[in-house]
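Inspection log for the structure reproduced underneath, given as structure tokens.
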Amino acid sequence: MTASLSRRRFLAGAGLTALGITTPSLLLSGCSGDSGGGAGNGTGKVDLWLDIQGDANQKYFTDNVAAVFEKAKPKIDLNTTFYKGEDLRRLVQTALQSRSGPDIVRGPSATQTIAWSKAHVLADLTPYAEKFAWKDKLSSWAVEAFTTDGKLYALPMRVDTMLLYFNKTLFAQKGWQQPTDRASLEALATEAAGQGIVPFGSSNVDWKAAGEWLMTVFWNHYSGPDALRQALSGEIKFTDPVFVDAVALIKSYFDKGWIGGSVEKYFSVPSQEIGANFGKGKVAMVPQGNWFMSQVGQYFGAKAKNENDWDWMPVPALRPEVKYPLFEMGIGGSLAINEASKNKDAAAEYLNWYYGDRTAALKRMAEVPSTYNIPIDFADGDIPSSIDPRAGRVLTSLNKAVASGQYGFVTWTWWPPKTDVFVYEGLEQVLTGKLTPAAYCKQLDQMFTEEKANGNLPQLPAKGSGK
Amino acid sequence: MTATAAPPTASGARRARWRAAVVGWAFLAPLLVLNLLVVLGPSVATVYYSFTDWSGLGPATFIGLDNYVTAFGDAKVHQALLHNLVWFVLFLTVPMAMGLLGAYLLSQVRRFQMLFRALYFIPYVVASVVNAAVWKMLLSPTSGIAHQFGVDQSWLGDTSTSLLSVNFVVDWHWWGFLAVIFLSAMQGVDPALYDAAKVDGASRWQQYRNVTLPGIRPTMVFIVLMTVIWSLKAFDYIFIMTQGGPAGSSEVVSTLMYKQAFNEYSAGYAAALGLSMTLVTAVILAVYQWMRKKGWEDE
């Protein structure tokens, strides 16, 4: 059969094609109502995009997470695609906006996931939370951080805290004691710097947002969690001297060359080099997140051609009013379900398995330090004995901190998105002398107040002991 | 017996022209569809979003010219524009000067000329990600080239050198390409002009100034235009090497736009910044075209 194409039909067809192509991109943002998704029948293919780096780590996930899940749920095919870390959030965000992307969404931490939730690109998980009793399985403080207007829109992926890693061998050689307060910390830093050793290794070359790790440490251990709670709930301002002084303190440490060696080196020496110097004993301590635990080992021992060993300690209290030990709590990333997914039930089955099988979850925590620390309730005795004692100590310390209410707040979970970006962008201005600590806090407060008014803040955990 | 064809009527000629046009459009159609899909669609959307308060996700709220008004008074935008200007001046002068010098010197070489051409060209064909990553290491204050000679300068970490350092790398990547292009243009200059100049007693410099440079003027003008456009859309090297830092010292409008869209959830504002830069480029192109019509290129 042949078909003839008249000129009029050709032109009309071309015009309609052009219209059809150009209009969807404009309409995308407006179509928040009908997602085109569906619950499915709880079986079939479920897509998951992940940013796990390195062949070994990806293999671990494939063999010990995906394969184990598929064995437990043979009717579901978990189709995992590994992406490079920094780009994944942007890729996912773009995909969500065009109503496509994976069924299970690996999202950012609570503060930024709110924006996704407000755009209605994430499925409401509340019915699944009720069906699978997730509130009984997960720590309530972490679940509440992802709950807005009574609706759960994501699940917390990893518990984050800040630690002070130290070269244990160097400390033993020098006869240094672990500092617990500002005086002992500064005495140690002075002595190390005097001997040509950089007291604190840090760099923002590979991760621009590394500055917020430092601000998290100084605001929690100088200003203190009580002041932070008051500021985050709007009772006091971020312009309060207790916050300004913390920024001034961090600047003074930089000016003395204690952090990274100098401001310029902090901006230009990559973290691999910092790590190598840490292993060699040219850097004494590294303030870093618990996630660093799965990488720090590569800089020590025979593999790194040295005979040194590492350990971690809680960050010392930088003001007498702040308790010691204190662990700031936060969430590194989230897992949600795409509103446009046509297989939501199967995706929820995966989430339920991932968070609900305590034995498997604890095994993962033990085998890959800190990477799989999901916020589930467990007693210290539940932790497998095979765990590296240093990683085990993180878990028991965090349990104790939550139970005793001695915990603080990481910026990337509890600060609203734009303010969170300013925390590290603005810090660069302070360190280079373009902003005073007071002006930095003033701008921060203005941004925070605006974002808070727009309802872009996650729920803070209740004061006191938590679960 | 011979047969002669009847002369085509006016309507027959029109029909033939139409048929030719339809065939032409039919061949163009796939490309047009692709362009509509990946160029025109997003472009129209960008214009629309630039007038909205849009986070990059979900519904957008129409706010008229607010984004443009904000951009006009935004100190970050002013700083980024200034950096674009510095970048533009350096990117226009340094590689051009080096390219012209390199091409001239290369034109004097008879042996291994192809080898040198290839060597000059390599930085241009290597992916920017690779070039940037290598230079990041070479510029390290603790293990880079300068450090080996006892200079402990943080080229990329110092606010006074970060923009210049990245620009240096981009110039390095670009000048060899220009040298090869200029060399090709120089080889197209009529040798008789040089002979005539020599007869008139012109020195080498006079030959270069009065014969070579006018001879390659169209190529130079084209390269200037390319350079202007490239410098306005500078992004990759800066993003990889400094991400606009430290403290915004190497921020240009494109990196600022990217951060606004993806880090600060201000995609509407980012669209306005992008469109503003497009307008700046359009004005420059219009001036260029106007000057060409005035015969500037051929003077």
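Everything quoted here is computed from the prediction, not taken from an experiment. Each chain gets a letter, A, B and so on, in the order the sequences are listed, and its residues count up from 1.
The 12-atom threshold is exceeded at NZ of Lys256(A), counting heavy atoms of other residues, nucleotides or ligands nearer than 6.0 Å. Applying the 6.0 Å contact sphere to NZ of Lys282(A) captures no more than 12 heavy atoms from other residues, nucleotides or ligands.
If you take OG on Ser249(B) and NZ on Lys434(A), they are separated by 5.5 Å, rounding to the nearest 0.5 Å. A distance of 4.5 Å separates CD of Gln93(A) from CG of Leu57(B), quoted to the nearest 0.5 Å. Taking CD1 of Ile114(A) as the reference point, atom OH of Tyr265(B) lies at 10.5 Å (rounded to 0.5 Å).
With hydrogens and angles disregarded, no donor-acceptor distance shorter than 3.5 Å links the side chain of Arg90(A) to the backbone of Asn263(B).
Counting heavy-atom pairs closer than 4.5 Å to chain A, the top residue among Thr52(B), Asp152(B), Thr242(B) is Asp152(B). Heavy-atom pairs under 4.5 Å with chain A peak, among Ser43(B), Ser143(B), Ser55(B), at Ser143(B).
Interface remark: Glu425(A) contributes side-chain atoms only to the contact with chain B (heavy atom separation under 4.5 Å). At a 4.5 Å heavy-atom cutoff, the contact between Lys265(A) and chain B is made by backbone and side-chain atoms alike. Residue Val430(A) does not touch chain B at all, counting heavy-atom pairs closer than 4.5 Å. The part of Glu273(A) that comes within reach of chain B is its side chain, from C-beta onward, which places non-hydrogen atoms under 4.5 angstrom from that chain.
When every heavy atom of Arg89(A) is checked against every heavy atom of Phe262(B), the shortest pair comes out as NH2-O, 2.9 Å. When all heavy atoms of Lys418(A) and Ser266(B) are compared, the closest pair comes out as NZ-OG, 3.3 Å.
When side chains are defined from C-beta on, Leu156(B) does not count as touching Phe267(A), because their heavy atoms never get closer than 4.5 Å. Within the 4.5 Å cutoff, no side-chain heavy atoms of Pro141(B) are placed close to those of Glu264(A). Taking 4.5 Å as the limit, every side-chain heavy atom of Pro417(A) sits out of range of all side-chain heavy atoms of Glu264(B). Here the side chains of Lys259(B) and Lys208(A) are in contact, with some heavy-atom distance below 4.5 Å.
Residues Lys136(B) and Ser268(A) have side chains that never bring a donor and an acceptor to within less than 3.5 angstrom of each other.
Listed by sequence position, Gly157(B), Asp158(B), Thr159(B) are the residues of residues 157-173 of chain B in contact with chain A, using a 4.5 angstrom heavy-atom cutoff.
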